[in-house]
Amino acid sequence: MQTHPIATIASLSAHEGQTVTLRGWLYNLRASGKLLFPIFRDGTGTIQGIVPKGAVPEEVFETLKNLTLESSVIVTGKVRADSRAPSGFELDVEGVEVLQRVPDETPFPITLKEHGVDFLMEHRHLWLRTPRQSAILRVRATIMRSAAEYFDTNGFIRTDPPILTPNACEGTSELFEMDYFDDDKAYLTQSGQLYIEATALALGKVYSFGPTFRAEKSKTRRHLTEFWMIEPEVAFLELDGLLELAEGFITHIVTTVLEHHRADLKVIGRDIAKLEAVIAPEQTTAASAPLPSSQVSSFTAGGGPAVGATTEPKVRSTTEAVSPTSESLAEPTLLAQGEAPATPSTLPNRFPRLSYEEAHTMLEDAFAKGLIETRHKDGDDFGSPDETYISSQFSKPVMIHRYPSAIKAFYMQPDPLDPTKALCVDILAPEGYGEIIGGSQRIHDYDLLKSRIEHAELPLASFQWYLDLRKYGSVPHAGFGMGIERAVAWICGLDHVRETIPFARTLNRIYP
RNA sequence: UCCUGAGUAGCUCAAUGGCAGAGCAUUCGGCUGUUAACCGAAGGGUUGUAGGUUCGAGUCCUACCUCAGGAGCCA
């Protein structure tokens, strides 16, 4: 076979008029008498081929006519622009080599028609090949990359905590337990937080990024037993700075996804305007605080209508104000004044902030107007319907801060203005997606932390090393954790987190 | 753990307690611009499992299994 340049389907527009070689799979096949329309996919996209009988060698026509779906092929053909094609291009097939033909007796089980959830999850290893699932995984990869990138370019050091842990962060009932040689037990981590508090006090600004495990018997569209979490932890950071860090973090991720994945989001069926609203500058703030042009262009590039993304200068406005040098090591007190650690103070994108009390008042009003069914009890945590209502009132993620200490984790710093409240924040994604980030300022006083551990009836011995952090140069510090799968579900507009990870682990499924 | 719902052809679903059905997929035939192509034909069933009620059960009852949606809990 004559050799031609090997191309990917995503790059075919650069090969118009050329004969190229594609390597991939037969995605679908339509026939109209002596005219075949095979659709090929290669992981980067799909393209329809045209095979008129008589225009190609007889064996090529016969091979393709009888080819089974998902058979692997190497195809040669000429790229031709065609207004009838969804992607704008078609392939005039000249030759085909079949690497492996799917046997007639065992056809590919995933069809273009509807399937049930159980069937699709049972065939997840094959379901991944469909365009929508592939698009979701590409967006997931960008979300993970841009999340890490935000911290990497802001002076954070990645310090991954252990996966195997000797004890729980917040109790052992929700942990996966395993034998650890002889008589010991080990548990799969449910959060690296306690460990990165230690590395934050060593390095200043740190983050961790890895899998976490929860043995909760939760059976909802928001829960996995194994999920990925990215957690920053910053010495000398207090609650206000933590809010700004999270705001810049989310803005950067959404901006990056919009820069690179408009086509994928369209395949997924996402309403892109909803994402543009998330990063749109607030009118009042933008008008009152003139910005360097580079920062403005970055936001308009993400927020405006489809501009030529390739010609847009690559600007990372949310990270420019802070140099990537490790300033926190040299001058850790930089952040002591409640200063934003990673975002410029002129950041035009402000997420709404509600105190727990304000959120409660909002729910009281909603209940009085009959907008929610059950009344929220002051002092209780918010339920799913509560979170859905609150987030539906805003087009941007909502930050709810200062929950009652009684319903929050033992390590959260009390608010000096009201010690019954904790200096914590939950960030709710819009459109009812609920909590994607939970964070707090941590208790830095030894005696207070010790009494909280005792009050929570946690084994003091297991936490001695954690208490040590308050014994040797303790400082205020804060951090948060974001569940990647919930962020992907929100950004892609999915109704279940099981589609956001290649192989979801849920209460009822650990296969394939 | 609790509440609710669903298990019938490879898939998605029908079927007053009375002959087990359709679309898609597969195979065969037709069609030179199809877009989940279309048209014709064929093959394809221990109705989740085990009991029970009944002349007769996919359908009603009991238990169990599996899955889904929700609650609680959380990211």
Side-chain angles (χ1 to χ4, degrees), chain A residues 27-39 46-55 61 66 68-70 82-87 90 92 102-123 127 130-131 169-171 173-174 190-193 211-231 246 373-374 380-388 407-409 425-429 433-439 480-490 495-498 500-501 506-509 511:
Chain A
Y27 173 65
N28 195 16
L29 176 65
R30 283 184 285 266
S32 179
K34 298 180 175 58
L35 196 55
L36 304 180
F37 299 97
I39 299 180
T46 61
I47 186 164
Q48 175 167 278
I50 313 296
V51 192
K53 190 176 175 73
F61 186 86
N66 296 307
T68 44
L69 301 192
E70 285 301 321
D82 193 307
S83 58
R84 289 167 293 193
S87 67
E90 291 186 337
D92 288 325
V102 175
D104 293 324
E105 314 83 64
T106 56
F108 190 69
I110 313 284
T111 70
L112 278 63
K113 288 278 187 178
E114 248 184 334
H115 293 290
V117 169
D118 191 34
F119 179 80
L120 289 172
M121 289 305 289
E122 194 72 14
H123 296 83
W127 186 24
T130 60
C169 283
E170 304 162 29
S173 63
E174 295 171 348
Q190 66 172 349
S191 165
Q193 183 201 313
T212 56
F213 307 86
R214 306 242 172 127
E216 298 165 4
K217 298 210 166 175
S218 298
K219 206 163 40 176
T220 80
R221 62 185 68 195
R222 304 182 307 281
H223 285 85
L224 298 171
T225 54
E226 175 182 326
F227 65 98
W228 284 66
M229 189 152 65
I230 187 164
E231 299 176 272
E373 286 184 14
T374 51
D380 280 2
D381 208 346
F382 302 120
S384 287
D386 299 328
E387 291 187 351
T388 299
I407 57 170
K408 285 293 178 179
V425 60
D426 280 0
I427 302 181
L428 310 183
Y433 276 94
E435 184 179 352
I436 54 170
I437 281 181
F480 64 76
M482 183 180 82
I484 291 296
E485 287 72 22
R486 286 189 182 176
V488 175
W490 161 52
D495 60 13
H496 202 297
V497 290
R498 66 183 157 226
T500 66
I501 186 168
T506 58
L507 181 59
N508 290 319
R509 181 170 299 283
Y511 177 91

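Chain letters run A, B, ... following the sequence lines, proteins first, then strands; residues in each count from 1. This one's a predicted model, so the numbers in the text were calculated from it and none came from an experiment.
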Atom C1', compared across B:rA57 and B:rG23: separation rounded to whole Å: 27 Å
OP1 or OP2 of B:rA68 under 4.0 Å from side-chain N/O of A:Asn508: yes
Rounded P spacing from B:rU46 to B:rU4 in Å: 32 Å
Whole-Å gap separating C1' (B:rU66) and NZ (A:Lys219): 11 Å
Whole-Å gap separating C1' (B:rG7) and CG (A:Asp118): 10 Å
side-chain N/O A:His115 vs B:rG10 OP1/OP2, d < 4.0 Å: no
Separation of B:rA71 C1' from A:Lys217 NZ (nearest whole Å): 16 Å
Gap between atoms CD1 and P, on A:Ile39 and B:rA36 respectively (whole Å): 9 Å
Nucleotide nearest A:Arg498 when distance is taken to its side chain, options B:rA71, B:rA75, B:rG69: B:rG69
N or O in side chain of A:Arg221 less than 4.0 angstrom from B:rG70 OP1/OP2: yes
Close side-chain approach of A:Phe37 to A:Asn28, heavy-atom, < 4.5 Å: no
Spacing of A:Phe119 atom CZ relative to B:rU8 atom P, expressed in whole Å: 13 Å
Pairwise C1' distance for B:rU59 and B:rA15, with rounding to whole Å: 9 Å
Who pairs with B:rG33 - Watson-Crick or G-U, where each distance is under 3.5 Å: none
Minimum heavy-atom distance between A:Thr506 and A:Leu224, given as atom pair plus value: CG2-CD2, 3.7 Å
Complement of B:rC24, any strand, by Watson-Crick or G-U distances under 3.5 angstrom: B:rG10
B:rC39 to B:rA20 separation - P atoms, rounded to the nearest Å: 29 Å
Gap between atom NE2 of A:His115 and atom CG of A:Leu120 - 0.5 Å precision: 6.0 Å
Distance below 4.0 Å between A:Arg222 side-chain N/O and B:rG69 OP1 or OP2: no
Same-atom distance (P) from B:rG21 to B:rU47, integer angstrom: 14 Å
Side-chain heavy-atom pair A:Asp104, A:Thr68 within 4.5 angstrom cut-off: yes
Rounded distance in Å - NE2 (A:His223) to C1' (B:rA71): 11 Å
Atom of A:Arg214, atom of A:Ser191 and distance for their closest heavy-atom approach: NH2-CB, 4.3 Å
Side-chain (A:Glu485) to main-chain (A:Trp228) donor-acceptor, under 3.5 angstrom: yes
Sugar-phosphate only, base, or nothing, as touched by A:Leu224 at under 4.0 Å among non-hydrogen atoms: base
Length of the line joining A:Glu114:CD and B:rA36:P, which is rounded to integer Å: 14 Å
Nucleotide N/O of nucleotides 32-34 of chain B paired with protein N/O under 3.5 Å:
residue, atom, partner, partner atom, Å
B:rU32, OP2, A:Lys34, N, 3.3
B:rU32, O4', A:Ser32, O, 3.4
B:rG33, N1, A:Arg84, NH2, 3.4
B:rG33, N1, A:Glu90, OE1, 3.0
B:rG33, N2, A:Glu90, OE1, 3.0
B:rG33, N2, A:Glu90, OE2, 2.3
B:rU34, O2, A:Arg30, NE, 2.8
B:rU34, O2, A:Gln48, OE1, 3.3
B:rU34, N3, A:Gln48, OE1, 3.1
B:rU34, N3, A:Gln48, NE2, 2.7
B:rU34, O4, A:Gln48, NE2, 2.7
B:rU34, O4, A:Glu90, OE2, 3.3

Watson-Crick/G-U partner (both atom distances under 3.5 Å) of B:rG51: B:rC61
Touch class at under 4.0 angstrom, heavy-atom based, for A:Asp381 against every strand present: sugar-phosphate
Straight-line distance of A:Ile436 CD1 to A:Phe480 CZ, nearest 0.5 Å: 9.5 Å
Residue matched to B:rU16 through Watson-Crick or wobble contacts both under 3.5 angstrom: none
Options B:rC74, B:rC67, B:rA75, nucleotide nearest the side-chain atoms of A:Arg509: B:rC67
Separation of B:rC73 P from A:Lys408 NZ (nearest whole Å): 10 Å
Short side-chain to backbone donor-acceptor contact, A:Thr212 and A:Phe227, under 3.5 Å: yes
Sugar-phosphate only, base, or nothing, as touched by A:His496 at under 4.0 Å among non-hydrogen atoms: sugar-phosphate
Side-chain heavy-atom pair A:Leu35, A:Ile50 within 4.5 angstrom cut-off: yes
For A:Phe61 against A:Val51, the heavy-atom pair lying closest together: CE1-O, 3.6 Å
Please list each protein N or O that sits under 3.5 Å from an N or O in nucleotides 24-27 of chain B, with the distance.
residue, atom, partner, partner atom, Å
B:rU27, OP1, A:Asp104, OD1, 3.0

A:Ile437 to A:Ala246 - nearest heavy-atom pair and separation: CD1-CB, 4.4 Å
